[in-house]
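One structure is given below, encoded as structure tokens.
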Amino acid sequence: MSELLKRIYENVIRYEKEAISMEKRITKEVDAICMPYKGKLSADELEELQDIMFEIALSGEQEGFQLGVMCFTKLLIECLFSNRI
């Protein structure tokens, strides 16, 4: 992810209502995925598994944001310049 888009995501987008709602859904999903491992893994191992899942989710969120910005930019350029041909 470009450094500028990463800073925008981390400092602005991540605190928007929609992003907070998404994080709650992700937390529920991680909890549901980890539920079968309770009792099979130690508390530390379970926490490490959850941390890995949250890191993967955050990476996906950031990449999705960057992809969305790039697609929006292409769409905007196409809309602005399509009438000039």
Side-chain angles (χ1 to χ4, degrees):
M1 175 180 281
S2 81
E3 194 57 38
L4 177 60
L5 288 179
K6 187 174 183 177
R7 285 196 327 250
I8 292 170
Y9 180 82
E10 290 176 350
N11 295 312
V12 178
I13 302 302
R14 193 168 184 193
Y15 299 103
E16 293 292 320
K17 181 175 70 171
E18 295 84 1
I20 293 169
S21 177
M22 178 180 60
E23 285 187 31
K24 288 178 183 177
R25 291 191 306 273
I26 289 171
T27 298
K28 282 184 180 180
E29 188 65 26
V30 167
D31 288 343
I33 291 169
C34 290
M35 186 64 69
Y37 296 98
K38 287 186 177 180
K40 295 180 182 178
L41 299 175
S42 70
D44 289 340
E45 290 170 327
L46 190 58
E47 185 177 336
E48 187 175 342
L49 177 60
Q50 289 174 325
D51 289 346
I52 290 167
M53 289 183 180
F54 285 122
E55 285 179 35
I56 292 168
L58 178 59
S59 178
E61 291 169 28
Q62 291 172 340
E63 291 296 321
F65 173 70
Q66 181 174 340
L67 180 61
V69 168
M70 290 178 359
C71 289
F72 174 76
T73 302
K74 287 179 184 178
L75 178 63
L76 182 61
I77 290 169
E78 191 173 313
C79 289
L80 290 173
F81 296 104
S82 65
N83 292 334
R84 296 181 183 209
I85 298 177

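Here the structure is a predicted model, which means the values were calculated and not measured. One-based numbering along the sequence shown.
Going from atom CD1 of I26 over to atom CE of M53 covers 12.5 Å, rounded to the nearest 0.5 Å. Rounding to the nearest 0.5 Å places CG of L67 at 8.5 Å from CD of E63. Separating the CD atom in Q50 from the CD1 atom in I33 is a distance of 10.5 Å, to the nearest 0.5 Å. Expressed to the nearest 0.5 Å, how far CG of D51 lies from CG of L46 amounts to 10.0 Å. Note: E3 CD to I8 CD1 = 11.0 Å, rounded to the nearest 0.5 Å.
The backbone N or O of K17 lies less than 3.5 Å from no partner atom in the side chain of S21, so there is not a single donor-acceptor pair. Side-chain atoms of T27 come within 3.5 Å of backbone N or O of E23 as a donor-acceptor pair.
Shown here is E10, whose CD atom has more than 12 heavy atoms of other residues, nucleotides or ligands within 6.0 Å. By the neighbour-count criterion of 12 heavy atoms within 6.0 Å, atom CD of E18 is densely surrounded, having more than that number from other residues, nucleotides or ligands.
No chain of hydrophobic side-chain contacts below 4.5 Å, direct or via other Ile, Leu, Val, Met, Phe, Trp or Tyr residues, connects I77 to M70. The hydrophobic clustering, which links ILVMFWY residues whose side-chain heavy atoms are closer than 4.5 Å, places V12 and F65 together. Linking Ile, Leu, Val, Met, Phe, Trp and Tyr residues whenever their side-chain heavy atoms come within less than 4.5 Å places Y9 and L4 in a single cluster.
Within the 4.5 Å cutoff, no side-chain heavy atoms of Q62 are placed close to those of Q66. Contact check for F54 versus L58: no side-chain heavy atoms found under the 4.5 Å cut-off. Looking at E45 and K40, their side chains never come closer than 4.5 Å, going by heavy atoms from C-beta outward. In this structure, the side chains of L76 and F72 come closer than 4.5 Å at one or more pairs of heavy atoms.
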Given the rule in the side-chain contact (heavy atoms from CB on, under 4.5 Å) test, do M22 and R25 qualify, once you have shown the distances and angles that lead to the verdict? CA-CA 5 Å; M22 178 180 60; R25 291 191 306 273; 3.6 Å; yes
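Salt bridge annotation for E61-R14: absent, with no cationic side-chain nitrogen under 4.0 angstrom from a carboxylate oxygen.
The heavy-atom pair separating A19 from I13 by the smallest distance is CB-O, 3.2 Å.
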